[in-house]
Trainee: 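Below: one structure in structure tokens.
In listed order, ligands and their atoms are each counted from 1. Index from 1, following the sequence.
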Amino acid sequence: MSDANGRFGNSADLFDSRLGPGGRAGVLLPDGPQIDPLKITLDQPDDFDGWRDAARELVMAGVPPMSVVWQVRGEDGELFGSEGAVPPPSGEPMFSVPKPFIDMAKAAICHSDPQRFALLYVLLWKLKANRRALDDRADPLVDRLEKLAKEVRRDAHKMHAFVRFREVAEEGDTRFVAFFEPDHHIARREAGFFVRRFSTMRWSILSPEVSIHWDPATDTLSEGPGASRSDAPDGDPLEETWRTYYSSIFNPARLKVKAMLKEMPKKYWHNMPETSLVAPLIAGARARELEMIERAQANLPQAEAPRPGGNIEGAWAALREEAKGCTRCDLHRCATQTVFGEGPLNPRIFFVGEQPGDQEDLAGRPFVGPAGQLFDAALEKVGIDRSTTYVTNAVKHFKFVLRGKQRIHSRPDTAEIDACRWWQEQERAIIRPPLTVALGATAARSLTGKTLTISKVRDAPLTLADGSECWVTVHPSFLLRIPEEARRREERARFVEDLERIRDRAAALA
Ligand code: URA
């Protein structure tokens, strides 16, 4: 039913919609016969299908936006009384709406703004006359709806990040229960995300509006009435792992309280075990800062910054576990598994590749296929023992296109690199390597946030945000792809030279 190109009847554009003061859409009435307002009652506040079906009928009957009142059953302000009958279709030809409109409408419909249904209908009305109406970014209506959709997506992102399940024993079985209070009507919309991520767990997400339950035994997603925070249990042993992880990655030198509060708004703190650490960590950071100042004033040597937390192995293991369920971008859908980094947690060198290839995807380990063999041979040649290094990828899922039965590597795009960057940053935050090597442009982007040209940055180290040293060289796959023998040899020799320099720098920094 929810086809990407909804079909609607066509008619002339009778309306001009503008945003008046206060951001409300004002709609100028057309000349001609007026129709009594039609009351459309949707079943749920996020009822996209209901809105689309009604909007389709209305638009095909030529009912202008000013003549429709939208409401949600059972919501405050619902106007009781019978619904008006939608006039029969005007007999005009069907029209289709562009897919971006459907995507935007599906998100915006979940916003808590009571005007959302009406605004979307005005835009639909405009699209009927001009299929490109959505491209007009200067149109305040488009702008407002884009904002609504964006706020909903942001709310969804927060939900993905901040839902924390607690384990509850229940009739000889286990259920994982979380409470989450979103700003918008997103609980149903995001249920699929949690089904994919926690597909084998029996879980419930309680929210004030609706409760969502997943039962993997019967593959059933069901919903129940809204709940309050006190309906969800407090605390479980998993929380200790989270606390370990957060205290290990906490870096007082980079403490930015405002940024932290923006990313992790206080509102969600009740649900998150790790937030019990925030106040002591901040206080500890201040104390350490004061101590540094005092030592500097007294001309005493600075104490080496202690590694906060200390349980590096626990933190890394928690991160690796978390990465198994990563859905930060769509690449997880087709890949076999997340390929996380591996190696000692006190490595001399921290290598970052591009993404797992076919063999890495199947094995679940980085650099074990043809590029890995070339990499290993080059390391051996310069005397770097791979087992003393940590090897990871900028993107943790294999991206490919199918050609027949073959899975052909496809380069990750900037959005995928940036989405996955979080994992690499957390790995580095835990491990804090003195020397990092970017193998290729994707790794360089992940490490620096910039698109760099390798030839321009290859000969001197970069300084990463944490102050550590980073060298950029080519990716081993690049060397495998060079068809011409002489050039291939030349480039391989250059790669080996880069590794020699990196080996020497690692020794100097050790
Ligand atoms: N290429 C990479 O960048 N990483 C791997 O793990 C394998 C090939």
Trainee: Taking only heavy atoms of Pro366, which atoms of ligand 1 are found under 4.0 Å from at least one of them?
Mentor: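 Atoms satisfying the 4.0 Å criterion: 6 (O).
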Trainee: Measure the acute angle between the ring planes of Phe194 and Trp203, then classify it against the limits of 30° and 60° as parallel, tilted or perpendicular.
Mentor: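 Aromatic pair Phe194/Trp203 classed perpendicular.
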Trainee: Purely on distance, is any nitrogen or oxygen of Phe367 under 3.5 Å from one on ligand 1?
Mentor: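 It does: an N or O of Phe367 is found under 3.5 Å from an N or O of ligand 1.
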Trainee: May I ask you to identify, for Glu354, whether its side chain, its backbone, both or neither come under 4.0 Å of ligand 1 on a heavy-atom basis?
Mentor: both
Trainee: Pull out every atom of ligand 1 sitting under 4.0 Å from any heavy atom of Gly353, numbered as shown with elements.
Mentor: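 Under 4.0 Å from Gly353, ligand 1 has these atoms: 3 (O).
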Trainee: Should Glu497 and Arg501 count as an ion pair when the cut-off is N to O under 4.0 Å?
Mentor: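 Answer for the salt bridge query: no.
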Trainee: If you measure every N/O of His475 against every N/O of ligand 1, is any gap under 3.5 Å?
Mentor: yes
Trainee: What residue and heavy atom of the protein are closest to atom 4 (N) of ligand 1, and at what distance?
Mentor: Asn393 OD1, 2.7 Å
Trainee: Considering only protein heavy atoms, which is closest to atom 2 (C) of ligand 1, and at what distance to one decimal place?
Mentor: Gln355 O, 2.9 Å
Trainee: Could you check Glu416 against Arg421 for salt bridge (charged side-chain N to carboxylate O under 4.0 Å, His left out), going step by step and ending with a plain yes or no?
Mentor: CA-CA 8 Å; Glu416 288 152 353; Arg421 190 174 174 199; over 6 Å; no
Trainee: Does Asp46 pair with Arg189 as a salt bridge, N-O distance under 4.0 Å?
Mentor: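 Looking at Asp46 and Arg189, the cut-off is not met.
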Trainee: Is it true that the NZ or CZ of Arg320 lies under 6.0 Å from the centre of Phe340's six-membered ring and within 45 degrees of the ring axis?
Mentor: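 Negative - Arg320 is either too far from the ring of Phe340 or too far off its axis.
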Trainee: Between Asp183 and Lys158, does at least one N-O distance fall below 4.0 Å, as a salt bridge requires?
Mentor: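 Looking at Asp183 and Lys158, the cut-off is not met.
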Trainee: With a 4.0 Å cut-off on heavy atoms, does Arg365 reach ligand 1?
Mentor: no
